[in-house]
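What follows is a single structure, written as structure tokens, with notes after it.
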Amino acid sequence: MKPTYLAPSLLAADFANLERDINMINASEADWFHVDIMDGVFVPNISFGFPVVKAITKHAKKTIDVHLMIVDPDRYITAFAELGSTNLTVHYEACTHLHRTLEAIKAEGMKAGVALNPHTPVHLLKDVIKDIDQVIIMSVNPGFGGQSFIENTYKKVRELKEMILNANASTLIEIDGGVTDQNAKKLLLSGADILVAGSFIFNANNPTETIKDLKKIMS
Ligand code: DX5
Ligand code: ZN
């Protein structure tokens, strides 16, 4: 079985107990930290900014997977590199010169990702697929945690996997939004490599056990 990664989304953490929740993930079987940045313009919500990201990277001991839901992401690439981001993902819909943006992210030593909104077709990435380290297929409309999974996602994952194989690329496929123990296995079988889960983990009675259960499903 190929390696797979579970990335709990800190958007669903208790911000008044952020250090506690980060340490819970550090000590758990989870693989990455997923960090959602929302600007209130690209999406109708504001999450948190640099001081909070700095506090997160100070305590987090695993890969920091930053998902920018912001307009004009090029302005902040260097800042996120300096804060310790491992992966930086921008939205296809927010980039006029996507290839240039991807090169700028990699020049800062980070893995470069592209996220696709539910309405954005996978085929639009055909000419840059070899330049992308990871594609986030949004399985909800970005902006909020706790929304229901959009079923059309499976089809998009299969299409993207085919494109990656045809291009002989090493791009990973990440799924973000509404991930639970009910859809995790089918997503992996469709071609996904990374699953983000926010409310399913943090709203559970025992988040550490929930992470363990998800990892078992993913193995
Ligand atoms: C949505 C964010 C997601 C969100 C996922 O805009 O990009 O990362 O935190 O949360 P759940 O798992 O609750 O759908
Ligand atoms: Zn996200």
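We count residues from 1, following the sequence as given. Both ligands and their constituent atoms are indexed starting at 1 by order of listing.
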Ligand 1 contact by Gly143, heavy-atom criterion under 4.0 angstrom: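 Distance cut 4.0 Å: Gly143 passes for ligand 1.
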Phe144 to ligand 1, any heavy atom closer than 4.0 Å: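 Contact present.
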Can [X] and [Y] be counted as having a side-chain donor-acceptor contact under 3.5 angstrom?
X      : Y      : answer
Asp176 : His67  : yes
Asp36  : Ser47  : no
Gln134 : Thr171 : no

Which atoms of ligand 1 are found less than 4.0 Å from any heavy atom of [X]?
X      : result
His34  : 8 (O)
Gly177 : 14 (O)
Met69  : 6 (O), 7 (O)
Gly146 : 11 (P), 13 (O), 14 (O)
Met38  : 6 (O)
Ala197 : 12 (O)
Ser199 : 11 (P), 12 (O), 13 (O)
Pro142 : 6 (O)

Sub-3.5 Å N/O-N/O distance, Gly198 and ligand 1: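 Between Gly198 and ligand 1 (N or O atoms, distance only) the closest approach is under 3.5 Å.
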Check: His67 N/O within less than 3.5 Å of ligand 1 N/O: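 There is such a contact, yes.
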By salt bridge (charged side-chain N to carboxylate O under 4.0 Å, His left out) - contacts of Lys58 (at least two apart):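 If we apply the salt bridge (charged side-chain N to carboxylate O under 4.0 Å, His left out) test to Lys58, skipping adjacent residues, there are no hits.
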Can you pull out the closest protein heavy atom to [atom]? Residue, atom name and distance to 0.1 Å, please.
atom                    : answer
atom 10 (O) of ligand 1 : Gly145 CA, 3.6 Å
atom 5 (C) of ligand 1  : Asp176 OD1, 3.6 Å
atom 14 (O) of ligand 1 : Gly178 N, 2.8 Å
atom 9 (O) of ligand 1  : Ser9 OG, 2.8 Å

Salt bridge present between Asp133 and Lys106 (N-O < 4.0 angstrom):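 Lys106 and Asp133: not salt-bridged.
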Parallel, tilted or perpendicular: rings of His91 and Phe42 (30°, 60°):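 Taking His91 first and then Phe42, their aromatic rings sit tilted (interplane angle of 30° to 60°).
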From CA spacing to verdict: salt bridge (Lys or Arg N to Asp or Glu O under 4.0 Å), Asp31, Lys215: CA-CA 9 Å; Asp31 302 284; Lys215 282 295 288 182; 2.7 Å; yes
With a cut-off of 3.5 Å and sequence neighbours excluded, list every side-chain donor-acceptor pair involving residues 190-205.
from	atom 1	to	atom 2	distance (Å)
Ser190	OG	Lys186	O	2.7
Asp193	OD1	Lys2	NZ	3.3
Asp193	OD2	Ile173	N	2.7

For the Zn ion (ligand 2): the N/O/S atom of His67 at shortest distance: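 Closest to the Zn ion (ligand 2) among those atoms: ND1.
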Asp176 atom (N/O/S) at minimal separation from the Zn ion (ligand 2):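 When I compare the N, O and S atoms of Asp176, OD2 is nearest to the Zn ion (ligand 2).
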Nearest heavy-atom neighbours spanning Thr153 and Ser139: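 Heavy atoms of Thr153 and Ser139 come nearest at OG1-CB, 3.3 Å.
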Closest heavy-atom pair and its distance - Gln147, Asn141: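 Taking Gln147 first and Asn141 second, the nearest heavy atoms are NE2-O, 2.8 Å.
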Close side-chain approach of Glu103 to Thr101, heavy-atom, < 4.5 Å: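 A side-chain contact is absent here, since even the closest heavy-atom pair is not under 4.5 Å.
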Contact check, side chains of Thr86 and Phe33, non-hydrogen atoms, under 4.5 Å: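 Thr86 does not reach Phe33 side chain to side chain.
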Rounded to 10 degrees, the angle OD1 of Asp36 makes with NE2 of His34 at the Zn ion (ligand 2):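 That angle is 90°.
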